[in-house]
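I have a structure here, written as C-alpha cells, and I will follow up with some questions on it.
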Amino acid sequence: MDEASAGGMGQDPVGSKGLRHLPFDRLPVFRLADPRLRTTLGGVALDNPLILAAQYYDPRILRRAMGLGFGAVTAKSITVNPRPGHPQPNLVRRRSAAGPGLVNCNGFQNPGLEAFRASIAGLPHRVPLIVSVAGETVDDYVALVRALAPLGDLVEINVSSPNTRLVYAWNERPRELHGVLQALVAVSPRPLIVKLSPDFAEANERDIIPAALQAGVRILNYGNTRRIDEPRLSQRAGGLSGPEIFEATLANVRRTRQRFGDALEIIATGGVDTPDKAVALLAEGARAVSYFTAFITRGPILARRILDSLLRSS
Ligand SMILES: Cc1cc2nc3c(=O)[nH]c(=O)nc-3n(C[C@H](O)[C@H](O)[C@H](O)COP(=O)(O)O)c2cc1C
C-alpha cells in the first residue's frame with residue numbers, strides 16, 4: 001500500500017509513489033549546506049536542525065528523503081510483528097482556517113522487525129537515520145532496540161501514536177514506562193529519544209518527562225498527533241496533524257524548556273508548515289524541528305525555504 005496515498009490521498013504533491021520513483025534528491029535545489037546550520041542531537045552531528053518526522057518505512061523513500069535538505073530522517077515506528085494497519089479509509093485531509101492538515105488512523109502499518117531490519121541494512125546514511133520503535137511490553141521494546149539501534153544513528157521510542165492502545169496506553173502507566181526506558185538505556189548503543197503525546201501535557205510534565213530523565217533519556221520529541229473524532233475514518237477517530245496543532249506544540253516546547261531547563265534536548269514536532277513556525281520553535285529552545293504533514297501539503301521545497309530563513313535569522 002502507498003503509505004501517504006492511502007485513503008484518498010492520491011493527489012499529493014509528493015505522495016510516496018512519486019518519492020519512490022522520481023530522483024528529486026539528485027537536484028541540488030533542495031539542499032543548503034552552511035556551517036552555521038549545524039547542530040547536534042544526543043552528540044550526533046546534524047548538518048542542520050530539520051528532521052523528517054516518522055511516517056515512511058520504505059528504504060527507497062528514506063533514501064530519497066535523505067537528499068531533500070533534512071539534517072536527519074526518521075523512519076516509521078516498527079513493531080515486532082508485521083501489522084496490516086487499520087482498514088481504509090485510514091488517512092483523510094482536513095481543511096481549516098489554519099491551513100491544510102491530515103487525520104490518520106494508520107494503526108502502525110509496517111513490515112515488522114525482521115523484514116524492516118533486512119530492508120534498511122544496506123541503506124546509506126547520507127544524513128543520520130532515526131529509527132522508531134513501538135511496543136506493547138518491555139520485551140517488545142528491548143527486542144526492537146537491540147535489533148534496530150545498530151542500524152540507526154538515534155532511536156525514537158514511540159509512546160504517543162493515538163490510533164491503537166499499543167503504545168498510547170503507556171501514558172497511563174508512567175512507573176512502568178520508567179522501567180521500560182531504564183531497560184532501553186541499558187541495551188541501546190545509540191542515544192534515545194522519547195516521543196510524547198500532546199494529549200497528555202499535564203502527565204508529561206508531572207510523570208513522563210521526569211521518568212525519562214531519571215532513566216537517563218535526554219532527548220524528547222514533543223510530539224505526536226492529537227487524537228480527535230473523525231467520522232470519515234474507519235476507526236471513527238484518528239490523529240490530527242498539520243497547522244491546527246502548531247500553537248499547542250509551541251506552548252508545549254516553551255513550558256517544557258522553562259520547567260526542565262537544559263536537562264533536555266527537544267525536537268519540536270507538530271504543525272510546522274512555514275519557515276516562521278520553525279524559527280519560532282527554535283527560538284523557544286527546541287534543538288531541532290521536525291514535520292511530516294507539510295512535506296505532503298507544501299511539497300519537498302519547504303525544507304530549503306526553512307533553511308534559507310534560518311540563515312537569514314542567524
Ligand atoms: C500517516 C501518518 C503516519 C504516521 N506514523 C507515525 C509513526 O509511525 N510513528 C510516529 O511516531 N509518528 C507517526 N506520525 C506522526 C508524525 O511523525 C508527526 O509526529 C505528526 O504528524 C505531527 O507533525 P506534523 O504536524 O508535522 O505532521 C504519523 C503521521 C501521519 C500523518
Side-chain angles (χ1 to χ4, degrees), residues 1-9 12 15-16 50-58 61-62 65 70 72-79 83 85-86 88-94 96 98-111 116 130-135 144 155-164 166-168 170 193-199 220-228 230 233 235 238-250 252-253 267-274 277-278 281 286 288-298 302-303 306:
M1 189 184 77
D2 268 351
E3 293 135 314
S5 60
M9 294 287 299
D12 299 334
S16 45
L50 269 192
I51 300 175
L52 181 64
Q55 140 70 353
Y56 296 118
Y57 59 76
D58 183 331
I61 297 181
L62 295 171
F70 296 103
V73 164
T74 316
K76 184 171 186 66
S77 302
I78 298 301
T79 52
R83 289 175 60 99
H86 289 309
Q88 291 196 22
N90 57 27
L91 180 62
V92 291
R93 283 177 188 269
R94 171 165 155 129
S96 77
L102 301 172
V103 193
N104 89 88
C105 64
N106 176 284
F108 292 120
Q109 188 233 332
N110 81 97
F116 178 71
I130 303 174
V131 291
S132 169
V133 296
L144 287 158
V155 181
E156 190 159 273
I157 314 299
N158 181 351
V159 293
S160 46
S161 287
N163 301 309
T164 66
L166 186 79
V167 299
Y168 205 58
W170 287 108
I193 304 163
V194 174
K195 188 167 180 184
L196 302 177
S197 167
D199 295 340
L220 286 188
N221 184 339
Y222 213 150
N224 219 304
T225 55
R226 193 175 84 212
R227 192 173 200 283
I228 60 164
E230 174 48 83
L233 292 173
Q235 306 305 297
L240 172 65
S241 57
E244 280 180 273
I245 66 173
F246 173 74
E247 286 305 324
T249 306
L250 190 66
N252 289 337
V253 168
I267 304 169
T269 310
V272 171
D273 64 351
T274 63
K277 289 178 185 170
L281 288 167
V289 166
S290 89
Y291 61 88
F292 170 70
T293 298
F295 185 64
I296 298 299
T297 58
R298 306 291 185 204
L302 177 61
I306 294 176

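Start at 1 and go down the list; that is how both ligands and their atoms are numbered. For the single chain, residues carry numbers from 1 onward in sequence order.
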### Task
Output the list of atoms in ligand 1 that are nearer than 4.0 Å to some heavy atom of G242, sorted by atom number.
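The list of qualifying atoms is 25 (O).
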
### Query
Hey, which atoms in ligand 1 end up nearer than 4.0 Å to a heavy atom of T225?
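Listed by number with element: 20 (C), 21 (O).
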
### Query
Short list, please: which atoms of ligand 1 are under 4.0 Å from a heavy atom of A53?
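So the atoms of ligand 1 that pass are 17 (O).
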
### Task
Please identify which atoms of ligand 1 are closer than 4.0 Å to at least one heavy atom of G270.
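So the atoms of ligand 1 that pass are 22 (C), 23 (O), 25 (O).
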
### Query
Between I245 and ligand 1, is there a nitrogen or oxygen pair with a distance under 3.5 Å?
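Checking ligand 1 against I245, no N or O pair falls under 3.5 Å apart.
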
### All salt bridge (charged side-chain N to carboxylate O under 4.0 Å, His left out) counterparts of R226, not counting sequence neighbours
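R226 satisfies salt bridge (charged side-chain N to carboxylate O under 4.0 Å, His left out) with no other residue.
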
### Query
Counting only N and O atoms by type, is there a donor-acceptor contact under 3.5 Å from the side chain of N221 to the main-chain atoms of I193?
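No.
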
### Message
Minimum heavy-atom separation for N104 and T225, please, with both atom names.
### Response
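Closest approach of N104 to T225: ND2-CG2, 4.2 Å.
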
### Task
Please confirm whether the backbone N or O of N158 pairs with a side-chain atom of W170, one donor and one acceptor, at under 3.5 Å?
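A pair under 3.5 Å: no.
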
### Query
Closest approach of V289 and A278, non-hydrogen atoms and distance?
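Answer, listing the atom of V289 first, then A278: CG2-O, 3.8 Å.
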
### Query
Can you list the ligand 1 atoms lying under 4.0 Å from a non-hydrogen atom of Y291?
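Close to Y291: 26 (O).
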
#### Entry: Proximal ligand 1 atoms for T293, defined as those under 4.0 Å from one of its heavy atoms
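Under 4.0 Å from T293, ligand 1 has these atoms: 24 (P), 25 (O), 26 (O), 27 (O).
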
#### Entry: Which of the ligand 1 atoms, numbered from 1, are nearer than 4.0 Å to a heavy atom of S77
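So the answer, numbered in order with elements, is 7 (C), 8 (O), 9 (N), 10 (C), 11 (O).
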
### Query
Does even one non-hydrogen atom of G271 get within less than 4.0 Å of ligand 1?
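True for this residue.
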
### Task
Look only at interatomic distance and state if A54 has a nitrogen or oxygen under 3.5 Å from any nitrogen or oxygen of ligand 1.
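Yes.
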
### Query
Taking atom types as modelled and ignoring hydrogens, do the side chains of S77 and S132 form a donor-acceptor contact shorter than 3.5 angstrom?
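Indeed, the side chains of S77 and S132 share at least one donor-acceptor pair under 3.5 Å.
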
### Task
Kindly identify the option in N104, N224, V159 whose heavy atom sits closest to atom 29 (C) of ligand 1.
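Nearest option to atom 29 (C) of ligand 1, by heavy atoms: N104.
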
### Task
Kindly indicate, with the supporting measurements, whether the criterion ring pair (Phe, Tyr, Trp, His ring centres under 6.0 Å) is fulfilled by F70 and Y291.
CA-CA 10 Å; F70 296 103; Y291 61 88; 5.6 Å; yes

### Message
Once salt bridge (charged side-chain N to carboxylate O under 4.0 Å, His left out) is applied, do any residues pair with D199, and if so which ones, sequence neighbours excluded?
### Response
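Salt bridge (charged side-chain N to carboxylate O under 4.0 Å, His left out) list for D199, sorted by chain: empty.
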
### Message
Tell me whether G223 reaches ligand 1 (any heavy atom closer than 4.0 angstrom to a ligand atom).
### Response
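Contact present.
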
#### Entry: Ligand-residue contact atoms, ligand 1 with K195, heavy atoms, under 4.0 Å
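Counting atoms of ligand 1 from 1, those under 4.0 Å from K195 are 10 (C), 11 (O), 12 (N), 15 (C), 16 (C), 17 (O), 18 (C), 19 (O).
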
### Message
Checking the N or O distance criterion of under 3.5 Å, is ligand 1 in contact with K76?
### Response
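Yes.
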
### Query
Sub-3.5 Å donor-acceptor pair from the side chain of T74 to the main-chain atoms of L52, do we have one?
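Yes: the side chain of T74 pairs with the backbone of L52.
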
### Sole residue of L281, L250, T293 in side chain to side chain contact (heavy atoms under 4.5 Å, CB included) with V272
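The residue from L281, L250, T293 that satisfies side chain to side chain contact (heavy atoms under 4.5 Å, CB included) with V272 turns out to be L281.
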
### Query
Between N158 and ligand 1, which part of the residue brings a heavy atom under 4.0 Å of the ligand: side chain, backbone, both or neither?
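Side chain only.
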
